[in-house]
Amino acid sequence: MHVIDMGHDVYKANDKVAEKNKKKLDKYQVFSVNVMGAIGSGKTTLIEEAIRQLKDKYKIAVIAGDVVAEMDSSRFRKLDVPTIPINTGKECHLDAKLVEKALDEIDLSNTDLLIIENVGNLICPVDFKLGEHLRVVIVSVTEGDDIILKHPMIFKTSDLAVINKVDIAHAVDVDAEKMRDDILSLKPNVPVILTSKHDWESLETWISFIELGVKEAQNR
Amino acid sequence: MHELSIACEIFEQVMSTAKEHGATEVKHVTLQMGRLSHTNPEQLSFCFNVLADESIAKDADLIVEMIPPSLECECGYKGAVDEKKIRENCEFESELLAYAAVMECPVCGKPAQLTGGRELIIKSIEIETENQD
């Protein structure tokens with residue numbers, strides 16, 4: 001019997017590809033956002049709003065991850081931005097290799113902002129970096145106010161947290177402020193934004209956060 | 001399903017290493033898994049065995065060693081999380097949450113950077129070869 005040392009780290013293999021993706025994006029001064037969150041948290045809607053407001057100022061491309069079908073990507077295409085759908089099949093997250101492949105189909109020299117909509121899931125995307133500059137987690141009040149403490153790692157590893165659909169918090173008997181406190185107890189100082197698609201001011205905060213990143217990338 | 005894609009990666013890596021070393025059978029595969037990685041050892045083992053069904057690894061045992069989280073702090077501390085503090089944290093029900101919540105430096109108390117505990121490493125394999133030494 002022989003023992004063979006391997007020392008192969010499965011996640012690090014993904015991280016290496018993610019680093020490569022990030023370098024490629026940096027070369028073209030593209031700011032990339034990885035949008036994570038559960039099914040129905042409002043990822044697609046918040047991305048659509050950002051695209052609507054920013055597409056005249058910046059060149060935007062989208063990678064839309066879905067298990068099957070192309071419903072989300074067709075919504076982005078309607079806004080007239082280049083969109084690459086990724087169907088993961090049975091997989092519950094995007095990984096760096098899938099994004100690497102999608103990047104080949106995007107004209108990066110003609111892109112300022114790349115938005116990556118991850119598959120709807122609060123668990124699996126945590127372990128897989130994609131090469132993004134900003135990791136965003138979107139959670140809605142409809143998921144219940146214990147959702148954050150049930151999924152601590154996605155909040156620990158995100159650079160921005162969005163609590164969405166706050167206009168209906170009362171109807172679903174949820175305290176959005178408690179959700180904010182829970183996020184901050186897991187990751188003090190992480191920016192937390194409360195949003196509703198019916199509240200323009202809250203959407204402006206979300207959009208300006210992304211715009212800030214694009215401007216920084218262009219000045220690098 | 002998360003575990004199947006990871007099991008595929010493990011299976012491919014194990015088989016290529018086994019082949020390089022002229023293996024006739026893979027007896028054991030030892031993995032190191034961070035306690036904060038979102039991977040379930042039992043599901044992973046099940047998926048691996050399904051994939052290995054018609055290969056030289058069909059009877060292989062998947063041994064999983066769990067790795068506790070480790071931290072690095074701006075005060076200079078490098079090391080494990082404070083396990084005692086986790087046990088005190090009884091209001092948190094799950095172990096994962098307890099770990100995530102107490103990722104603060106056991107020396108100065110500031111929130112610390114997580115440096116380990118999320119890895120998934122194929123540490124080693126034990127194989128049989130035709131020409132035993």
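Side chains are part of it too, since the values below use all heavy atoms of this structure and drop only hydrogens, waters and symmetry mates. Numbers restart at 1 for each chain; the letters A, B, ... are given by sequence-line order, proteins then strands.
Going from atom CD1 of I6(B) over to atom OH of Y11(A) covers 3.5 Å, rounded to the nearest 0.5 Å. Taking SG from C92(A) and NE2 from H38(B), the interatomic distance works out to 11.0 Å, rounded to the nearest 0.5 Å. Distance check: L120(B) CG to D127(A) CG gives 8.5 Å after rounding to the nearest 0.5 Å. The CG atom of D5(A) lies 9.5 Å from the OG1 atom of T30(B); values are rounded to the nearest 0.5 Å.
The environment of NZ in K24(A) is crowded: more than 12 heavy-atom neighbours from other residues, nucleotides or ligands sit within 6.0 Å. Shown here is Q218(A), whose CD atom has more than 12 heavy atoms of other residues, nucleotides or ligands within 6.0 Å. Heavy atoms from other residues, nucleotides or ligands lying under 6.0 Å from CD of E74(B) number 12 at most. Within 6.0 Å of NZ on K129(A) lie no more than 12 heavy atoms contributed by other residues, nucleotides or ligands. Counted within 6.0 Å of CD on E54(B), heavy atoms from surrounding residues, nucleotides or ligands total 12 or fewer; the atom is thus considered open. Within a 6.0 Å radius of CG in D173(A), no more than 12 heavy atoms belonging to other residues, nucleotides or ligands are found. At most 12 heavy atoms of other shown residues, nucleotides or ligands fall within 6.0 angstrom of atom CG in N189(A).
In this structure, chain A has no heavy atom under 4.5 Å from any part of L31(B). Neither the backbone nor the side chain of F155(A) comes within contact range of chain B; no heavy atom of the residue lies under 4.5 Å from a heavy atom of that chain. For a residue to count as touching a neighbouring chain, one of its non-hydrogen atoms must lie under 4.5 Å from one of that chain's; by this rule K123(B) touches chain A with the backbone only.
With contacts defined as side-chain heavy-atom distances shorter than 4.5 Å, the pair H2(A)/E126(B) does not qualify. Inter-residue side-chain proximity for M6(A) and Q13(B) is flagged as met; some heavy-atom pair is nearer than 4.5 Å. You'll find the side chain of T157(A) reaches within 4.5 Å of the side chain of R118(B), heavy atoms only. I4(A) is listed as a side-chain neighbour of T17(B), based on a closest heavy-atom distance under 4.5 Å. Side-chain contact between L114(B) and K156(A) is absent, with no heavy-atom pair separated by less than 4.5 Å.
In summary, the side chains of E9(B) and H8(A) do present a donor paired with an acceptor at a separation below 3.5 Å, with no hydrogens or angles considered.
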Checking K12(A) against E119(B) for the side-chain contact (heavy atoms from CB on, under 4.5 Å) test, could you report, in this order, the C-alpha distance in whole Å, the side-chain angles of both residues, the deciding distance, and whether it holds? CA-CA 8 Å; K12(A) 276 211 179 113; E119(B) 43 291 266; 5.9 Å; no
Go through the steps to decide whether I10(B) and V10(A) satisfy the test side-chain contact (heavy atoms from CB on, under 4.5 Å), and finish with yes or no. CA-CA 7 Å; I10(B) 293 170; V10(A) 174; 4.0 Å; yes
